[in-house]
Amino acid sequence: MSKDAKSEVVLELDNVRSGYGRMEVLRGISLHVCRGEVVCLIGANGAGKSTTLNTVCGLVRVRSGEVRLFGENTADFTRDRLVRNGLSQVPEGRKLFSDMTVQENLELGAYLRKDKDGIARDREHVYSLFPVLRERSHQMAGSLSGGEQQMCAIARALMSRPKILLLDEPSLGLAPILVKQIFQILETLKDEGRTVFLVEQNARMALSMADRGYVLQTGNLVREGPGRELLEDEEVRKAYLGK
Amino acid sequence: MEWLTSLGNAVQNPATYIDALTLGSIYALIAVGYTMVYGIIKLINFAHGEIIMLGTYIGLLAVNTLNVPIVLAILIAMLACAAIGAILDWTAYLPLRRSLPKAEILSIIGLVGGAALLIAYFTTGEAGDSMATAHRLVLGFLAVVLLMLLVSTLADLLGWFGSPRNNVKSDRLAALITAIGMSLCLQTMAHLLWSAKYESFPTAAAKIFDSKLIAQTTEGLVFRWNPFGPPLIDAVPVLLWKELVTWVAMLVLMIVLLVIVQRTKIGKAMRACALDQQTAWLMGINVNHVIAFTFMIGSAMAAVAGILYSVKVGGNIYPRMGYYPGVIAFAAAVLGGIGTIKGAVLGGLIIGFTEAFGGAVAQQYDKAFAFGLMVIFILFRPWGILGRKEAKRA
């Protein structure tokens, strides 16, 4: 914690409550992500993981508490402003623009940018991270396989040159070998020094690569700590790692 | 078999084809506006016909007051209609897309629909009716407020509000009803502003358009490239300038439109919004701006179509003029596959040909042929010629 406290806080949730209709899903959670950190949020189905991300990106309204991006309360942000201020999301279920080509999807990821050279350089960079996307750049995104689609979604999110990358269940619905591949990519992103907030059901994979982790249980954060530590934690093991 | 003879004559007469192509081009220009708006927010914009009407009136005003040539009037009308289209979206449809509580949505419907109906009722009295317009407006306004209160209270009592998560379908319905309300509202406004009398472009201004490009004389076909030269008085017209202008306008605008949609950044954003608005927001695209832009493009096209239409039929500028071309172009958009631009063009042309040839057989039924074709076609292929069957998604 002492090391984290010194570096800049990118994203911060301060006692956030939110939910749908009469149902309150998040019951006052506080967490933060610092620059260059990979932080993961794990929890069972229905614990509120996706709601957390949807609250951060403005799809679900904050009822009390604050979501802060670089210290600014995001309550009055329009949703495009979040992207402008450096937040980019890989949504659950990929959500590619299926009737558009891979390249067009990447261009849309860079929608707010005007530096043509920078965009071209970043495109080369994501193509080097995901060589298969270069091969398929003129194919419709909907025609890609599940794993390729996930790569395309991550590549698209990187194209905005985000200061923080949000990933919602990137391993969902993928074969084990592809899950491994996706986590290798996440390792690469970590080595590049990117700031990542990862929401995952695959707790083992997520915790073993994350700097820090939070455990969410029915709308409350019940544990937090370095990834390795949580991996060893008796209760976490019992509840989420099946041992 | 009289009708067969008339059809045979029509088939052999080049004038029918010219007429069909001209009508078809106009319908295509209008249909594109319907199809683009539907593609992006799944709304049949019933006020589109009124945009046609407003565009034509603005063109007429430009010609009459600024003395500009019609071509320039068309450009002015395009710009003005683009602005009107955006304003229409911001005032009438955008409030419905924001996640307002249901009561407010219903109040807005009540306001817009009720206002239109009541203003229409109170302002279309007999000519020379002594009741002042202001008086009627005040009465109308009071009635609207009453109606609003009534509707939202009733809806509240009946529990129509439902749970906030599954209101997607009813939101679309609310927008549809609002569109009908806006249509009536704009028509009534036009009544108040310009009265219900028929107007037309002054002969001097329409001269270029009405002059003959190709004509049949006793010495054979004559080409007259200069529209400003002395008119060919005795010659039988084969092709008029206005017809060529209509075709070229349609072709050029469609190419421009396709280039915008396929190649430009805003075009890609439009396609992205049509596919998935939630994700478009995640890209940093301000979806509401993109939707407004879509309205602007469609409305500019409608302005061109409206002026060319009134030039074609020679006059016919009045507050309800947008109804027929609007509704027929809507049929064209459905026939071609609503949501697809190429489908709208194809549908427009097909409807144009049907109307022209059908009209040659039985003049008073020309529009019935057009609608009949659409109805029969969508019985077998409801998603239209180029449209795609809506896949059931889990």
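Please read all numbers here as calculations on a predicted model, not as lab measurements. All chains are named by letter (A, B, ...) in the order of the sequence lines, taking the proteins before the strands, and each is independently numbered beginning at 1.
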Got more than 12 heavy atoms from elsewhere within 6.0 Å of CZ, A:Arg35?
no

Take atom NZ of A:Lys190 as the centre, draw a 6.0 Å sphere, and report whether it contains more than 12 heavy atoms from other residues, nucleotides or ligands.
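Yes - once you tally the heavy atoms of other residues, nucleotides and ligands closer than 6.0 Å, there are more than 12.
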
To the nearest 0.5 angstrom, please state how far the [atom1] atom of [X] sits from the [atom2] atom of [Y].
X        : Y        : atom1 : atom2 : answer
A:Met100 : B:Arg271 : CE    : CZ    : 4.0 Å
A:Arg84  : B:Asn286 : CZ    : CG    : 8.0 Å
B:His289 : A:Asp80  : NE2   : CG    : 7.0 Å
A:Arg79  : B:Gln277 : CZ    : CD    : 9.0 Å

For B:Lys268 and A:Glu107, indicate whether the former's side chain and the latter's backbone hold a donor-acceptor pair under 3.5 Å.
no

Between A:Val83 and B:Leu282, what is the shortest heavy-atom contact and its length?
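Heavy atoms only, the tightest pair is CG2-O, 3.4 Å.
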
Of the non-hydrogen atoms in A:Tyr111 and B:Ala269, which two are nearest, and what is the gap between them?
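Result for this residue pair: CE1-CB, 3.6 Å.
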
Highest number of heavy-atom pairs under 4.5 Å with chain B: which of A:Leu96, A:Asp99, A:Leu82, A:Leu112?
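That would be A:Asp99.
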
Heavy-atom cut-off 4.5 Å, strictly under: side chain, backbone, both or neither for [X] against chain B?
X        : value
A:Ala110 : backbone
A:Arg156 : side chain
A:Arg113 : backbone

